[in-house]
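First comes the structure, then the notes that go with it.
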Amino acid sequence: MPEFQTSPGMRDILPPESARWRRFVDVFAQVVEGAGYGQVISPLLEDLGVFQRIGDATDVVTKEMYDFVDKGGRHIALRPELTASVCRAFVQHRPATPWKVWYTGSQFRYEKPQRGRYRQFDQVGIEVLGADDPNLDVEIIALGWEFYRALGLQKVRLLLNSLGEPADRAAYVDALKAYFEANLDALSDESKITLQKNPLRVLDSKRPQDAALVAGAPKIAQFYSEGAAAHFAAVQAGLTSLGIPFTVDTKLVRGLDYYRHTTFEYQGLTLDSAQNALGGGGRYDGLVESLGGPATAGIGFALGLDRTLLACDDEGVFAPPATDVSVFVVDTTGGAEALAITTALRAVGVSADRAYENRSMKSQMKAADRSGAAYAVIIGSNEVEAGVAVVRPLRAERTVNPDGTDGDGTQSTVPRSDLIDHLKKAIS
RNA sequence: GUGGCCGUAGCUCAGCUGGUAGAGCAUCAGUUUGUGGUACUGAGGGUCGCGGGUUCGAAACCCGUCGGUCACCCCA
């Protein structure tokens, strides 16, 4: 074991996996930019208060934040999520509404690491501030859905719920609290604690002991105001009109306190239940106001990279891209030719690699094979003398000489002066 | 934060009831002194996560610790 390793919950993303991460973001950007969303890049660090406005009943804020006092005496936190940062940016810059933005980046939560759950984790997401239209809820949910399709994922389930207006939600919370308190004996000890902090969250309990009680709990639908019911109905109608299947799950309350009205979650059906939430979001009218801005409607979602990629692995889609180079230069004369040729190839847009340390031709040919290159350029003393280069296709069928030894295949000899043009044509 | 399981070469793992470490893959080289993908041969590479204890002797047993994993919790 080396002396230094990554901190718990932190990891290195190495090639070729790192290329897949970048492509993941590219695919996401393509989907959402096609719908008018622009990227917002916000700081990793924010004033602690920005995140405290998320709510004091959520562990993300109360227990899991990385925070510290900087050299200027400011109380700073590493962002545990991005929605609050986006809202803060909105309040600070006051862009025209509806403000449609997307983002990607790392977030930090001090949790016990597990597969699909890291202390530094990456998400992509979108937010729209300043529009209360149920059509927007549908657009957002549909974009997430479309993104999963773009990756190739099939086994994703969309769960949908509405928490109603703030007053509806408050009334429901009271009713839930009364219900659970009346049945306190049947509740697990853990849920008793949860009940004190946030009765809604008891609905999330995965303990078998709580299952029956949770099933018999009051349903949010009974508490919807007329407006909330109409909004939710419009969202469902919209999704249906787009042919997006969904399941209404009245137990879907989501973690962060700021949600109201529409909430939704995308579940990966191939993943274990503890980590099956690929992404989720909802409406959070009121968050901008709590950060000192005007009353502003907001809605968005965030999707976890790690879990989504785990789901991709399970479904055998969106594999890490090949990092193959087009041409590999084998030079047994010391390496200067390889330097010149690779540089010239790259200058005309042909990707090229080479071996180093003047290894044997066989060794260099092996490296050429591993590089995934379509062609090897071979330069030895004979070629230098004759002013030519051998171009050998690496993916062609192997040929055999009459005496049974390996043939030269379809390799050809081209004048050194024509080499770059020759290869450029061959690649295209 | 709580609990279960795990921690041996770069990777995946074997190592029986304690006698100072092995395989496959990968890497490098040779068989082929100018030609890859196959085959064969060989080489390098490990304070057996770390610390302490038991023992004549520990990779193996005990304790602690760190890390991973799974469940709870939380959430993406």
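Convention: sequence-line order gives letters A, B, ...; per-chain numbering from 1.
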Contact under 4.0 Å: [X] side-chain N or O vs [N] OP1/OP2:
X: Q114(A); N: rA71(B); result: yes
X: T58(A); N: rC75(B); result: yes
X: R11(A); N: rG68(B); result: no
X: R201(A); N: rC75(B); result: yes
X: T194(A); N: rC73(B); result: no

Pair T83(A), E127(A): side-chain N/O donor-acceptor within cut-off below 3.5 Å: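 Side chains of T83(A) and E127(A): pair found under 3.5 Å.
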Ignoring hydrogens and angles, state whether a donor on the side chain of D137(A) or H231(A) is under 3.5 Å from an acceptor on the partner side chain.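 Per modelled atom types, D137(A) and H231(A) side chains form a pair under 3.5 Å.
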Applying a 3.5 angstrom cut-off to the pairing atoms, does RNA chain B sit in any stems of at least three consecutive Watson-Crick or G-U pairs? List them by first number.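 Ordered by first number, the stems with RNA chain B (at least 3 consecutive pairs each) read B:1-7 with B:66-72, B:10-13 with B:22-25, B:27-31 with B:39-43, B:49-53 with B:61-65.
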Side-chain donor or acceptor of [X] paired with backbone N/O of [Y] under 3.5 Å:
X: Y37(A); Y: Y103(A); result: no
X: R157(A); Y: Q267(A); result: no
X: S351(A); Y: V327(A); result: no
X: D210(A); Y: S188(A); result: yes

Students often get this wrong, so: under 4.0 angstrom with heavy atoms, is [X] touching a base, only sugar-phosphate, or nothing?
X: A368(A); answer: nothing
X: V330(A); answer: nothing
X: R359(A); answer: sugar-phosphate
X: Q267(A); answer: nothing
X: T308(A); answer: nothing
X: K112(A); answer: base
X: F301(A); answer: nothing
X: R115(A); answer: sugar-phosphate
X: G144(A); answer: nothing
X: G116(A); answer: base
X: E265(A); answer: nothing
X: K206(A); answer: base

Expressed in angstrom and rounded to an integer, what is the separation of [X] atom [atom1] from [N] atom [atom2]?
X: Y110(A); N: rA76(B); atom1: OH; atom2: C1'; result: 20 Å
X: D204(A); N: rA76(B); atom1: CG; atom2: C1'; result: 14 Å
X: N276(A); N: rA71(B); atom1: CG; atom2: P; result: 10 Å
X: F4(A); N: rC50(B); atom1: CZ; atom2: P; result: 16 Å
X: D210(A); N: rC74(B); atom1: CG; atom2: P; result: 11 Å
X: D12(A); N: rG10(B); atom1: CG; atom2: C1'; result: 15 Å
X: I193(A); N: rG1(B); atom1: CD1; atom2: P; result: 16 Å
X: M361(A); N: rG34(B); atom1: CE; atom2: P; result: 7 Å

Can you figure out which of [options] approaches the side chain of [X] most closely?
X: E64(A); options: rA76(B), rG34(B), rC74(B); value: rC74(B)
X: E383(A); options: rC74(B), rU35(B), rG34(B); value: rG34(B)
X: R109(A); options: rC73(B), rC75(B), rU35(B); value: rC75(B)
X: R392(A); options: rC75(B), rG37(B), rG34(B); value: rG37(B)
X: K362(A); options: rG34(B), rG36(B), rA76(B); value: rG36(B)

Under-3.5 Å donor-acceptor pair between [X] side chain and [N] base:
X: R117(A); N: rC73(B); result: yes
X: Q5(A); N: rG68(B); result: no
X: Q364(A); N: rU35(B); result: no
X: D369(A); N: rG37(B); result: no
X: R370(A); N: rG36(B); result: no

Between [N] and [M], how many Å separate the two [atom1] atoms, rounded to a whole number?
N: rU12(B); M: rG19(B); atom1: P; value: 26 Å
N: rC25(B); M: rC72(B); atom1: C1'; value: 38 Å
N: rC63(B); M: rG45(B); atom1: C1'; value: 33 Å
N: rU8(B); M: rG68(B); atom1: C1'; value: 15 Å
N: rC16(B); M: rA59(B); atom1: P; value: 13 Å
N: rG49(B); M: rG10(B); atom1: P; value: 13 Å
N: rC56(B); M: rG18(B); atom1: C1'; value: 12 Å
N: rG3(B); M: rG64(B); atom1: P; value: 11 Å

Identified side-chain contact (heavy atoms from CB on, under 4.5 Å) counterpart of T104(A) within the set V25(A), L82(A), V40(A):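 Result for side-chain contact (heavy atoms from CB on, under 4.5 Å) with T104(A): V25(A).
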For S360(A) and for L303(A), find the nucleotide of RNA chain B with the closest heavy atom, then tell me which residue's nucleotide is more 5'.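 Closer to the 5' end of RNA chain B: S360(A).
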Reading RNA chain B from 5' onward, which residue's closest nucleotide shows up sooner: D306(A) or S363(A)?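 Closer to the 5' end of RNA chain B: S363(A).
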Evaluate whether atom NZ of K192(A) has more than 12 neighbouring non-hydrogen atoms of other residues, nucleotides or ligands under 6.0 angstrom away.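 Correct, the count exceeds 12.
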Would you say that more than 12 heavy atoms from the other residues, nucleotides or ligands in this model lie under 6.0 Å from the NZ of K219(A), or not?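 Atom NZ in K219(A) is packed in, count exceeds 12.
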Classify the ring geometry between F301(A) and F264(A) as parallel (under 30°), tilted (30 to 60°) or perpendicular (over 60°).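 Aromatic pair F301(A)/F264(A) classed perpendicular.
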Would you call the rings of F147(A) and F24(A) parallel, tilted or perpendicular if under 30° counts as parallel and over 60° as perpendicular?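 Perpendicular, since the angle between the ring planes exceeds 60°.
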For the residue pair R119(A) and Y110(A), would you count it as a cation-pi contact if the rule is NZ or CZ under 6.0 angstrom from the ring centre and within 45 degrees of the ring axis?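 Positive - R119(A) is close enough to the ring of Y110(A) and near enough to its axis.
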From I140(A) atom CD1 to T262(A) atom OG1, the distance as rounded to the nearest 0.5 Å: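 Reported to 0.5 Å precision, the distance equals 10.0 Å.
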Hey, what do you get for CD (Q364(A)) to CG (D369(A)), rounding to the nearest 0.5 Å?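 Spacing of CD (Q364(A)) from CG (D369(A)) equals 13.5 Å.
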Taking N or O atoms only and anything under 3.5 Å, show me the protein contacts with nucleotides 40-43 of chain B, one pair per line.
none

